Amino acid sequence: MKFNSLIDMGLVQESGQTSQAPWGLINNIYSDIIFVKNTPILVNVFQEDINSLSMNYEFQLKDNSVNASIDDISENDIKKEVSRIFDLDFDLDKFYRYLSNDSKLKPSAKFCRGLRLFLAKDYFESFVSSIASANNSIIRWTKSISKIRQKWGNEIQFPSGTFYTFPSPEILKSVYEDDLGEYEGCGRTIEIECCIKNLKSCGVGYRAPYMKKTSEIFTIETDIQEIPTMKYEEAFETVLDLPGVGPKVADCILLYGFGFREAFPSDVWIKRIISYLYFPGKDISVDKVREFGMEKFGAYAGYVQLYLFHHARKSGLMKKLK
DNA sequence: CCCCAGGTCTGTA
DNA sequence: TACAGACCTGGG
């Protein structure tokens with residue numbers, strides 16, 4: 001089944017958005033599990049062809065389930081969820097017209113053509129992924145997220161293979177933090193060198209306790225469930241309360257996870273890029289850059305950040321600015 | 001062995 | 001409010 005919207009799936013998947021790790025890739029097809037009406041569904045997405053920049057998708061239900069009846073879930077429900085995750089209703093052409101009016105932004109439009117938000121398929125996963133991304137490299141946090149899924153997620157069999165969901169907050173809040181905790185926790189029945197089912201063994205480092213506490217709060221704090229209906233400012237303050245979540249991670253969660261497009265995640269690189277483009281020779285604080293981005297770009301702030309960051313990261317501008 | 005990676009937390013003026 | 005320092009970890 002095909003969507004008509006302009007999108008570059010490879011660009012979206014490899015753009016490092018912290019809502020999730022890139023989907024599994026085999027033969028140019030990206031696959032992962034999404035949930036529609038609480039039923040796990042394996043979705044394959046792929047590019048129609050290199051030139052068209054439109055995407056196709058297909059889906060499978062798990063093969064050993066009688067109660068996951070397709071009757072309760074229409075194909076349209078699935079299509080709507082896939083469309084939501086890849087933000088296909090966002091009017092890119094209109095956005096490109098906006099970018100072309102600013103000579104500083106124009107180059108990024110051409111460079112990132114077809115790039116869209118990669119929204120959360122699982123809100124909780126987007127929190128943990130974003131926390132994992134702080135002061136970290138994309139390659140390392142995505143590996144960590146994959147390991148967490150394999151160790152504690154639900155293993156689900158599909159005709160095309162075995163996949164893992166992201167674990168629930170109820171599960172993640174009670175996993176061992178490190179090998180020592182696991183060693184003591186299991187009554188020293190295994191050698192400490194063999195303790196590999198703990199958070200730090202996933203390579204998350206000092207973020208492990210943040211993740212556990214956030215998981216705990218997730219299970220009891222009902223405000224978090226209300227985020228999709230909140231205004232940006234209220235959502236920002238709500239997310240900021242979580243351990244391991246500062247302003248940058250909060251904006252990543254809100255933009256990449258929930259689709260608050262007025263968010264402008266600001267880190268050292270966006271700071272350098274914005275300074276280079278709009279305040280040459282000056283050193284603007286990250287906090288001021290965030291305010292500047294939200295004020296200047298308004299409803300397009302999130303997409304501008306996405307495009308600027310990507311253009312800079314892939315074009316070599318970053319090395320130059322450094 | 002040192003440095004850094006898309007920051008956050010904590011303690012101090 | 002503003003600004004150092006420390007901080008897991010793995011790759012260069």
Side-chain angles (χ1 to χ4, degrees), chain A residues 11-22 108 112 115 117-118 126-148 175-182 193 195-196 198-215 217 236-257 263-277 283-293 301-322:
Chain A
L11 197 50
V12 170
Q13 294 285 341
E14 305 306 321
S15 58
Q17 297 181 53
T18 65
S19 54
Q20 59 210 289
S108 68
C112 305
L115 177 58
L117 283 179
F118 191 15
S126 76
F127 278 76
V128 178
S129 294
S130 299
I131 290 171
S133 75
N135 191 29
N136 209 341
S137 64
I138 294 175
I139 181 72
R140 211 155 74 73
W141 74 254
T142 55
K143 277 183 182 174
S144 294
I145 296 304
S146 297
K147 287 182 180 176
I148 290 174
V175 303
Y176 295 120
E177 197 169 300
D178 52 27
D179 55 0
L180 194 58
E182 185 180 352
E193 293 80 10
C195 292
I196 54 167
N198 58 77
L199 267 181
K200 282 199 175 179
S201 70
C202 300
V204 301
Y206 57 80
R207 304 163 194 81
Y210 300 154
M211 292 175 177
K212 285 197 62 171
K213 287 174 193 162
T214 288
S215 302
I217 295 170
F236 183 75
E237 295 303 324
T238 301
V239 172
L240 205 53
D241 277 340
L242 296 167
V245 178
K248 158 64 166 56
V249 169
D251 275 334
C252 283
I253 292 169
L254 295 183
L255 175 61
Y256 304 137
F264 193 72
S266 300
D267 51 47
V268 288
W269 287 110
I270 282 296
K271 163 188 159 148
R272 287 167 186 160
I273 295 163
I274 289 294
S275 297
Y276 170 74
L277 292 176
D283 186 33
I284 314 295
S285 72
V286 170
D287 200 46
K288 292 293 182 190
V289 165
R290 173 173 174 268
E291 288 176 17
F292 171 81
Y303 260 91
V304 168
Q305 189 270 4
L306 184 61
Y307 272 60
L308 281 181
F309 186 84
H310 248 270
H311 183 206
R313 188 163 81 99
K314 296 288 188 178
S315 69
L317 178 60
M318 288 208 165
K319 288 176 184 171
K320 182 182 169 189
L321 292 181
K322 195 173 176 180

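Residue numbering restarts at 1 for every chain, and letters A, B, ... go by the order of the sequence lines. Note that this is a predicted model, so its numbers are computed, not measured.
With rounding to the nearest 0.5 angstrom, the CZ atom of A:Arg313 is 8.5 Å from the CD atom of A:Glu14. Expressed to the nearest 0.5 Å, how far CD1 of A:Ile131 lies from CG of A:Leu242 amounts to 6.5 Å. Taken to the nearest 0.5 Å, the OG atom of A:Ser130 stands 7.5 Å off from the NZ atom of A:Lys248. Note that CG of A:Leu308 and CD1 of A:Ile273 are 6.0 Å apart. Values are rounded to the nearest 0.5 Å.
Between the P atoms of B:dG11 and C:dC8, the separation comes to 15 Å (whole Å). Nucleotides B:dG6 and C:dC3, compared at atom P, are 24 Å apart to the nearest Å.
Taking 4.0 Å as the cut-off between side-chain N and carboxylate O, A:Asp251 and A:Arg290 count as a salt-bridged pair.
When rounded to the nearest whole Å, the span between NZ of A:Lys288 and P of C:dA2 equals 7 Å. The nearest whole Å value for the distance from the CZ atom in A:Arg290 to the C1' atom in B:dG7 is 14 Å. C:dC7 atom C1' lies 15 Å from atom CG of A:Asp178, rounded to whole Å. Here B:dC4 presents its P atom at 16 Å from CE of A:Met318, a figure rounded to the nearest Å. The distance between atom CD1 of A:Ile139 and atom C1' of C:dG12, rounded to the nearest whole Å, is 14 Å. Regarding A:Phe236, its CZ atom lies at a distance of 13 Å from the C1' atom of B:dT8, rounded to whole Å. If you take CG of A:Asp251 and C1' of B:dT8, they are 14 Å apart, rounded to a whole angstrom. Atoms CZ (A:Arg272) and P (B:dC4) sit 10 Å apart, rounded to a whole Å.
In the displayed structure, A:Ile196 atom CD1 is contacted under 6.0 Å by at most 12 heavy atoms of other residues, nucleotides or ligands. Within a 6.0 Å radius of OH in A:Tyr276, other residues, nucleotides and ligands contribute 12 heavy atoms or fewer.
For the residue pair A:Cys112 and A:His311, the shortest heavy atom distance occurs at SG-N, 3.9 Å. When all heavy atoms of A:Ile270 and A:Pro265 are compared, the closest pair comes out as CG1-O, 3.8 Å. Taking every heavy atom of both residues into account, A:Glu182 and A:Asn198 meet most closely at OE1-ND2, 2.7 Å.
Scanning DNA chain B for stems, defined as runs of 3 or more consecutive Watson-Crick or G-U wobble pairs whose donor-acceptor distances all fall under 3.5 Å, gives the following ranges: B:2-5 with C:9-12, B:7-13 with C:1-7.
A donor and an acceptor atom, one from each side chain of A:Ser15 and A:Gln17, are located under 3.5 Å apart. Counting only N and O atoms by type, the side chains of A:Ser19 and A:Ser126 include no donor and acceptor under 3.5 Å apart.
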Hey, what are the protein-to-nucleotides 8-11 of chain C N/O distances that come in under 3.5 Å?
from  : atom 1 : to       : atom 2 : distance (Å)
C:dC8 : O4'    : A:Tyr206 : N      : 3.0
C:dC8 : O2     : A:Arg140 : NH2    : 3.4
C:dC8 : O2     : A:Arg207 : NH1    : 3.1
C:dT9 : O4'    : A:Arg140 : NH1    : 3.4
C:dT9 : O2     : A:Arg140 : NE     : 3.2
C:dT9 : O2     : A:Arg140 : NH2    : 2.9

Under 3.5 Å, which N/O atoms of the protein pair with N/O atoms of nucleotides 9-12 of chain B?
from  : atom 1 : to       : atom 2 : distance (Å)
B:dC9 : OP1    : A:Gly244 : N      : 2.8

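Counting non-hydrogen atoms under 4.0 angstrom, A:Ile138 reaches a base of the nucleic acid. In this structure, A:Ser15 reaches the bases: a heavy-atom distance under 4.0 Å links it to at least one base atom across the strands shown.
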